[in-house]
Amino acid sequence: MASERVKVHAAIILALSLFGLAWFHNSNTLGVHRSLHYTIEDFEDQEYFDDGNFRVVSFGTSRAYGSGLPHPESQSYTGLLGGTNLAIRASDARYPAMCAKSMVKDAIYDVIIIEYMPHMYDATKGAMLRLGERMRQRFPDSLIIYIDMWTIHQFSIQHKGAMPAMEEYHQAIAGTENEHLSFSMAADMAMMREAVQKEPINASVLQYPVPEAANYKEAIQIMHPYYKRDHTHWSKFGMQWLKREIVKIIRTEQHVRSDAVQEWESNDECLSWYQDSSSESIKKSLHTNMPMVPFAVKGGKFALEASNPDFNFIRITREDNTNSTKPPQPRHVYLSYMVSGPMDDFYGGAKFELHPNHPTAEASATVEVSTLETWFPHPWHVINHKYIGRAEGRKETYLTIEGNRTGLATSTFRAIGINIVSEAPLGQFGGEDLRGW
C-alpha cells in the first residue's frame, strides 16, 4: 500500500513538472510565499471544489477583472475557478450595491467573491457593506468572501514618493532601508473586516498579513511576483495564488452547493454600456440622441458623448407594472459617468436635469456636478455615480446632460450608465452621492 502511494505521489510530481506547475515553497515570517508549492492537500481542496460543482461569481475592480493579463476571462481568479466575472474596470462597489439585481439577473450562485479593499475603501465603505447585504438576502446559503489584499503601491519611499515602476524597482529597493519606507492603510480597516464577518453578511475574509515596519522591505520583495509592473494589478502568478486560497476557504468552511434563493427585497433597473455596447439589453432598452463612442488607450470601453449642440438626452421609459400585483416602487435615477483627477479635469463639470414627457419640458430636478475627483492621490480616470432625482412611474422621463460647464474641458462629457433603483437615495449606499458610510 505504501509503495502504491509513493508511485501515485511520484506520478503527480512528474505530471506537475511536465506542466510547469512544480513551484517550490519558501516560507517567511510574513506568512506568505515567494512561490506556489502544490501539495496533496491542495489536490484534495481542488477535488472538493470540483465535486461540489460550485457556481462562482465575483464583483470587483480592474484587479478582479484581470486587467493587464493577456486573457483575463481565463487567467483571472474567477476564470480559473470557472466562474462569472462581474468586475468592472475603473470602478468601485457603488454600482453593484445599486444594481446587483440587474447584474445577477436570474442566475444562482453558491460562492460570491467581493474585491474592493483596500483601494476603494475610504470612499465606498457603505456600498461594500450594502453589496454584501444584498447578496446575503438573495442567496441565504451562499459563501461570501471579501478579498482584502494590500499592494506594493501602498508603500512610498522617503524623499522619493510612490514606489517606482518595475524598470526602476529593483534599484530603488536595493538602496532603501526599512526606516525610509512608509505604508498607507486606513486606520479602521480592521473594523470593516469585522463588520462583514458579522450579521447580516456573515462573510469570510481573504487577507494578506499586514506587514510590520521592521519587515517592510522584506514584504515588498516577497510580494513583488504577485503583481504586475504597476504594483497594483495581480500577475498570472498572483491570480493562481488567489484561486488556491479561495478554494482553501471553500474547503475549510465545508461549503456545499445550494439552490436557495429569496426574492430581491429591492428593485433596480440598471443599464451599463461601459464594457459592452452591443448587448441585446442595450439595443432594446437604450433610447438616446447621443453617439456611442469607444475610448481608452487599449479600447474595450464605451461611452455616450454629450456632443450634440442643442441638447443631449437619455429617455427613461415608463415603468412596466402591468403584470405585478405590487404597488409601483419609487424610481430613483442615478447617472454613471467618467471623472478624472486629482489635478486634471478632463470634462469641465456637467449639469443633469430630469424632464417629464419631453426633453424641453420644465425640469423636475436639476443637479450640477464636478467632474474633478481629488480624494485619490494618484492620477486616475474612473467612474462616478450621481443621484439626480425621482422619475414618475407612469410617465416617460428624459435625462438631459450638458457638459463642459467650466469651459475648460479637454474631452467631451462621457456617460456610461443609467440606473433606476427603488432604494432611498440617502443612507442605503452611504450618502447622496454614494460616498462613505
Side-chain angles (χ1 to χ4, degrees), residues 57-65 78 84-105 107 109 112-140 142 144-148 186 188-189 191-193 195-203 205 262-272 274-275 329-337 339 373 375 382-388 390 416-437:
V57 65
S58 65
F59 301 89
T61 64
S62 57
R63 302 208 300 160
Y65 180 88
T78 313
T84 300
N85 196 342
L86 297 181
I88 302 173
R89 294 166 290 173
S91 72
D92 53 52
R94 292 174 291 171
Y95 182 79
M98 283 190 290
C99 301
K101 179 181 177 181
S102 298
M103 296 176 76
V104 171
K105 300 181 172 63
Y109 295 109
I112 299 163
I113 306 168
I114 299 174
E115 175 276 318
Y116 294 101
M117 297 189 281
H119 283 75
M120 296 294 109
Y121 174 73
D122 283 332
T124 58
K125 302 172 186 175
M128 289 182 204
L129 291 172
R130 185 61 189 143
L131 174 58
E133 291 168 358
R134 294 194 75 185
M135 289 297 99
R136 174 60 67 210
Q137 180 269 321
R138 175 66 170 173
F139 305 110
S142 65
I144 299 176
I145 301 172
Y146 278 77
I147 294 180
D148 176 16
D188 58 349
M189 281 289 288
M191 293 174 58
M192 183 67 172
R193 288 190 290 270
V196 301
Q197 294 178 79
K198 296 177 180 178
E199 292 281 354
I201 301 174
N202 293 324
V205 177
Q262 298 182 141
E263 186 176 353
W264 292 98
E265 66 180 359
S266 58
N267 191 40
D268 59 71
E269 308 162 53
C270 301
L271 201 61
S272 174
Y274 178 61
Q275 295 184 151
Q329 290 189 317
R331 306 185 81 211
H332 300 287
V333 180
Y334 290 83
L335 184 70
S336 301
Y337 56 98
V339 296
E373 291 289 339
W375 66 270
V382 295
I383 300 169
N384 197 22
H385 313 276
K386 187 66 180 180
Y387 176 67
I388 303 171
R390 186 165 170 168
I416 58 91
I418 182 77
N419 315 309
I420 316 298
V421 303
S422 63
E423 291 190 322
L426 293 173
Q428 293 288 0
F429 305 113
E432 188 177 8
D433 59 353
L434 310 184
R435 280 288 163 84
W437 284 104

>> If the condition is side chain to side chain contact (heavy atoms under 4.5 Å, CB included), which residues does S58 pass it with, not counting sequence neighbours?
In response: Y77, T78, N85, I113
> Got a sec, which residues hit side chain to side chain donor-acceptor pair (under 3.5 Å) with Y337, two or more places apart in sequence or on another chain?
Replying inline: N384
> If you take all heavy atoms of Q197 and A203, which pair is closest and at what distance?
Replying inline: CG-O, 3.3 Å
> What residues form a side chain to side chain contact (heavy atoms under 4.5 Å, CB included) with S266, not counting sequence neighbours?
Replying inline: R130, R134, S422, E423
> What are the two closest non-hydrogen atoms of S142 and F139, and how far apart are they?
Replying inline: OG-O, 2.9 Å
> Considering all heavy atoms of both residues, which atom of F59 and which atom of V104 are nearest to each other, and what is their separation?
Replying inline: CZ-CG2, 4.0 Å
> Do Y95 and C270 have side-chain heavy atoms sitting under 4.5 Å apart?
Replying inline: yes
>> Nearest 0.5 Å, please: how far is OH in Y334 from CG in N419?
In response: 9.0 Å
> Any side-chain heavy atom of L131 within less than 4.5 Å of one from I114?
Replying inline: yes
> With a 4.5 Å limit on heavy-atom distance, are the side chains of D268 and M98 in contact?
Replying inline: no
> With sequence neighbours excluded, what pairs up with Q262 under the side chain to side chain donor-acceptor pair (under 3.5 Å) test?
Replying inline: none
> Going through the distances and angles, do K386 and L335 end up as a side-chain contact (heavy atoms from CB on, under 4.5 Å)?
Replying inline: CA-CA 5 Å; K386 187 66 180 180; L335 184 70; 5.5 Å; no
>> Would M128 and V196 count as a side-chain contact (heavy atoms from CB on, under 4.5 Å) here? Give the steps.
In response: CA-CA 9 Å; M128 289 182 204; V196 301; over 6 Å; no
> How long is the gap from OG on S336 to CG on L271, to the nearest 0.5 Å?
Replying inline: 10.0 Å
> With side chains defined as the heavy atoms from C-beta onward, is the minimum distance between I420 and R331 less than 4.5 Å?
Replying inline: yes
>> For Q275, give me all partners under side chain to side chain donor-acceptor pair (under 3.5 Å), at least two apart in sequence or on another chain.
In response: R89
> Between H385 and I383, does a side-chain contact (heavy atoms from CB on, under 4.5 Å) hold up when you go through it step by step?
Replying inline: CA-CA 7 Å; H385 313 276; I383 300 169; 3.6 Å; yes
>> With rounding to the nearest 0.5 angstrom, report the CZ to CD distance, R138 to E265.
In response: 11.5 Å
>> Using only atom types and a distance under 3.5 Å, with no angle test, would you say the side chain of Y116 pairs donor to acceptor with the backbone of G60?
In response: yes
>> So, using side chain to side chain donor-acceptor pair (under 3.5 Å) as the criterion, who are the partners of Q137 when residues are at least two apart?
In response: none
> When rounded to the nearest 0.5 angstrom, what distance separates CZ in R136 from CG in N202?
Replying inline: 5.5 Å
> Closest approach of A195 and L129, non-hydrogen atoms and distance?
Replying inline: CB-CD2, 4.1 Å
> Given the rule in the side-chain hydrogen bond (donor to acceptor under 3.5 Å, both in side chains) test, do E115 and T61 qualify, once you have shown the distances and angles that lead to the verdict?
Replying inline: CA-CA 7 Å; E115 175 276 318; T61 64; 3.0 Å; yes
> salt bridge (charged side-chain N to carboxylate O under 4.0 Å, His left out) with R193: which residues, sequence neighbours excluded?
Replying inline: D148
>> What I'd like to find out is whether the side chain of M135 reaches to under 4.5 Å of the side chain of I201, using heavy atoms alone.
In response: no
>> Is any side-chain heavy atom of I88 closer than 4.5 Å to one of M103?
In response: yes
